[in-house]
Number of protein chains: 2
Amino acid sequence: MMHANKRKKVEENGWKVGNADDFLGLTPEESAYIEMKLALSHSLKENRRKKDLSQVELAKLIKSSQSRVAKMEAGDPGVSIDLLMRALLALGASSEEVGKVISSGKPQAA
Amino acid sequence: MMHANKRKKVEENGWKVGNADDFLGLTPEESAYIEMKLALSHSLKENRRKKDLSQVELAKLIKSSQSRVAKMEAGDPGVSIDLLMRALLALGASSEEVGKVISSGKPQAA
DNA sequence: CGAGTATATGTCATATTCGACATGATGCCA
DNA sequence: TGGCATCATGTCGAATATGACATATACTCG
């Protein structure tokens, strides 16, 4: 379950974590995992804006709440990748697009 | 949260779901999500075998249990994508590889 | 036929994640 | 200045995922 200790530490800091594998002694796996999440967050925000939706509207669309959408986009540690991916798919993203976002770590407009 | 109803139905059937978007009236998003999970499951099994690890060994590696590894590989509905991705990363897969698996839905050796 | 190894399946207590709600903060326009 | 819309943050009970364990099913190799 991801070492609990480091996880704790990371969560306390909210992992602003620019986008790096730097920072505290995260294993490469942990870093990769976090970067994937951040990339998905970023992409979610972009896709939502591109569609001119408010967080409230997106929340309705995915049957969630505005606060959770905000947390998703903020890369909140309490949000799962499952949820982020489902939100992206609900916004119309394809598997290919989601895959690209995960691969790259980073933006990915579409 | 994925409509609960359909989800129920799918879970009851354990979604053997060959690998298709066929089956019951799943929305495209739901299908895509399920296929991603199955693709990751499949990839996990392949990667583990390629390294000649038993489920017990992999379980130790990712600090989980043999039974959960079996469920991951079986595409059990009670296993999250988060866990599948972490397992793949722990096996040494790169973000790019994980992204490819998710994009394609399907094998993806490496 | 055992015994050993690998994988599958079911259950359970605990941990994590969820949606919802309240509330704060910011920006904008009249 | 005061609404008004948007996004952020904190908390909470309910829902879901987790690791561990027991146990069942193969599939070898003597």
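So that the names make sense, note that chain A is the first sequence line, chain B the second, and so on, each numbered from 1. Only a predicted model underlies this, so the values are computations on that prediction, with no experimental measurement involved. The figures that follow rest on heavy atoms only: side chains count, while hydrogens, waters and symmetry mates do not.
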inquiry  = For a side chain to side chain contact (heavy atoms under 4.5 Å, CB included) check, start with the C-alpha distance between A:L88 and A:L84, then their side-chain angles and the critical distance, and finish with the verdict.
reply    = CA-CA 6 Å; A:L88 273 175; A:L84 284 167; 5.9 Å; no
In whole angstroms, the gap separating P of D:dG19 from CG of B:D82 amounts to 11 Å
When rounded to whole Å, the CG to P distance for the pair A:L58 and C:dA20 reads 13 Å
Residue set satisfying side-chain hydrogen bond (donor to acceptor under 3.5 Å, both in side chains) with B:S41, at least two apart, ordered chain then number -> none
Rounding to 0.5 Å, atoms CG (B:L44) and CG (B:L58) come to a distance of 6.0 Å
To the nearest angstrom, the CG-P distance between A:D52 and D:dC7 comes to 11 Å
Taken to the nearest whole Å, CG/A:D76 to P/D:dT11 is 12 Å
A:L83 atom CG is separated from C:dG19 atom C1', nearest whole Å, by 10 Å
Any base atoms under 4.0 Å from A:S65, or only sugar-phosphate, or nothing? Heavy atoms, all strands. base
| message | I want to check one thing: is the phosphate of C:dA20, taken as OP1 and OP2, less than 4.0 Å away from some side-chain N or O of A:S64? | response | no
Whole-Å distance, A:M72 CE to D:dA8 P, equals 12 Å
dist B:M85:CE -> B:S43:OG (nearest 0.5 Å) comes out at 11.5 Å
message: I'd like to know if B:E73 and B:R48 make a salt bridge, using a cut-off of under 4.0 Å between side-chain N and carboxylate O.
response: yes
A:R86 CZ to C:dT17 P, in whole Å, measures 13 Å
Across all chains, not counting sequence neighbours, the side-chain hydrogen bond (donor to acceptor under 3.5 Å, both in side chains) partners of B:Q66 are B:Q55
Taken to the nearest whole Å, NZ/A:K60 to C1'/D:dT6 is 14 Å
Got a list of protein N/O to nucleotides 5-12 of chain C N/O distances below 3.5 Å?
residue	atom	partner	partner atom	Å
C:dT7	OP1	B:R48	NH1	2.8
C:dT7	OP1	B:R48	NH2	3.3
C:dT7	OP2	B:Q55	N	2.7
C:dA8	OP2	B:Q55	NE2	2.7
C:dA8	N7	B:Q66	NE2	2.9
C:dA8	N6	B:Q66	OE1	2.9
C:dG10	N7	B:K71	NZ	3.3
C:dG10	O6	B:K71	NZ	3.3
C:dT11	O4	B:K71	NZ	3.0

